[in-house]
**Q** 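Got a structure here, written out as structure tokens. Questions coming.
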Amino acid sequence: MEKVRIGIVGSEFAANFHAEALERTPYAQIIAACSIDAASLKRFVKKHHIPHSYEDYNEMFKRPDIDLIHICAPNFLHKKISIAALNAGKHVVCEKPLATTLPDALAVVKAVKRTGLKLMYAEDWMSAPAILRAKQIIDQGGIGEVLYVKAKETHNGSHSPFAQNKKTCGGGAFIHLAIHPMAFARWIIGCEIVEVTGMVNGGADKNFVHKNYGGEDWGAAICTFENGARAFIEGNYITHGGLDDTVEIYGSEGSIKIDLSMGSPLTVYSRTGFGYAVEKAETTLHWTRPAVDEEYNLGYVTEIADFVDCVRLDKQPPRGLTAEDGACILQAIMAAYESAAKGKVVKLKPLFPKAKKAARKTRKAKK
Ligand SMILES: NC(=O)c1ccc[n+]([C@@H]2O[C@H](COP(=O)([O-])OP(=O)(O)OC[C@H]3O[C@@H](n4cnc5c(N)ncnc54)[C@H](O)[C@@H]3O)[C@@H](O)[C@H]2O)c1
């Protein structure tokens, strides 16, 4: 296959960074886009020179010249659109979370198996260059055994009306933001989460700041892994000054700190302000640290190029980015909500024990 031909569902924030990353991938061609917001769709197709547009994704899925669908629509639609795309014979890139409930996530996994098509779970942190470099150092034994990970994604609130609504988001800041560090911790520690203790402030008038949001504006969880490692995961909408994605990894022989979003090599002082500093930053006045190639540094460019290659070269999704991974991560997120509601530790049952057994057997055979 020369080029992978793509249809995008959604035309706003995530759709734009997917389109921009696809434009940087020589093996991708965006054929069509779909959105229920006609004005936004018009702006989006014009900006990215996309030849065809649709208001109904099922109509777009009928096009025989599309191989891969990118789902950049609100969380509550991920299951429905993924299954519809798979049933139409298309491979899928699905933005996080895989779904808004665990049964829905498992229904997506089932549809992937039934159709034999690929679903790439879009979690950008694992493609961020700083994180890939940290993983390389860990794989070389540079910090010994990973014992504890402390990681968060925080900012001052979502721009998306769908994310502010608990029903269309599946929760609040915890599912929407903390899902990134949760996925990262599971991947870097390299085994499943077995226990979660969560705490969230309850949404609406129980929120610190965003009383108009249905879901929580602060949430955190402590996770225990199969091998005894621990992670402290946080997501909040009460952080001023821009997107703050930070990670600390503590190992038996050393530690690593990563600043994904604020670690710019640029420091600027401006009395007048300028166009843009970093995602969700409120101002460009006075001292700022403007991002340099934010899309690359947050992982989107590498992630999307790898997904396109999965279809082009018939490869499996890399780095914990399968539908099964998406389901396991959502299980831990939901366990944190359950723990917060019940005020106790929640134990997780393995979701795919057969697959794990088979992987262990293959690893043993290789040795
Ligand atoms: N990986 C990341 O860092 C990251 C960042 C932001 C958003 N996201 C994810 O991307 C997804 C979209 O988020 P966003 O911030 O772009 O939201 P948004 O509200 O800015 O955009 C949602 C888009 O979906 C469209 N839409 C809604 N219902 C639709 C339907 N039935 N059919 C077709 N289009 C429909 C809307 O018109 C809009 O264009 C979410 O799942 C979110 O979790 C991921």
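The residues of the chain are indexed from 1 along the displayed sequence. One-based numbering, in listed order, for ligands and for the atoms of each.
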**Q** Going by atom types only, do S11 and S40 share a side-chain donor-acceptor pair under 3.5 Å?
**A** yes

**Q** I'd like to know if K347 and E195 make a salt bridge, using a cut-off of under 4.0 Å between side-chain N and carboxylate O.
**A** yes

**Q** How would you list all residue pairs meeting salt bridge (Lys or Arg N to Asp or Glu O under 4.0 Å) that involve residues 4-26, not counting sequence neighbours?
**A**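 Passing the test, one end in residues 4-26: R5-D67, E12-R43, E20-K47, R24-D293.
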
**Q** Please name all residues satisfying ring-ring contact (aromatic ring centres under 6.0 Å, His included) with Y237, sequence neighbours left out, ordered by chain then number.
**A** H155, Y213

**Q** Return the protein residues near ligand 1 (heavy atom under 4.0 Å from any of its atoms), ordered by chain and residue number.
**A** V9, G10, S11, E12, F13, A14, F17, C34, S35, I36, D37, Y57, C72, A73, P74, N75, L77, H78, E95, K96, D124, H159, S160, F162, H176, H180, Y300

**Q** Suppose we screen for salt bridge (Lys or Arg N to Asp or Glu O under 4.0 Å). Which residues come up paired with K152, at least two apart in sequence or across chains?
**A**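 Salt bridge (Lys or Arg N to Asp or Glu O under 4.0 Å) list for K152, sorted by chain: D244.
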
**Q** Hey, can you tell me if H18 and H70 have their rings parallel, tilted or perpendicular (30° and 60° cut-offs)?
**A**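 Plane angle over 60°, so perpendicular.
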
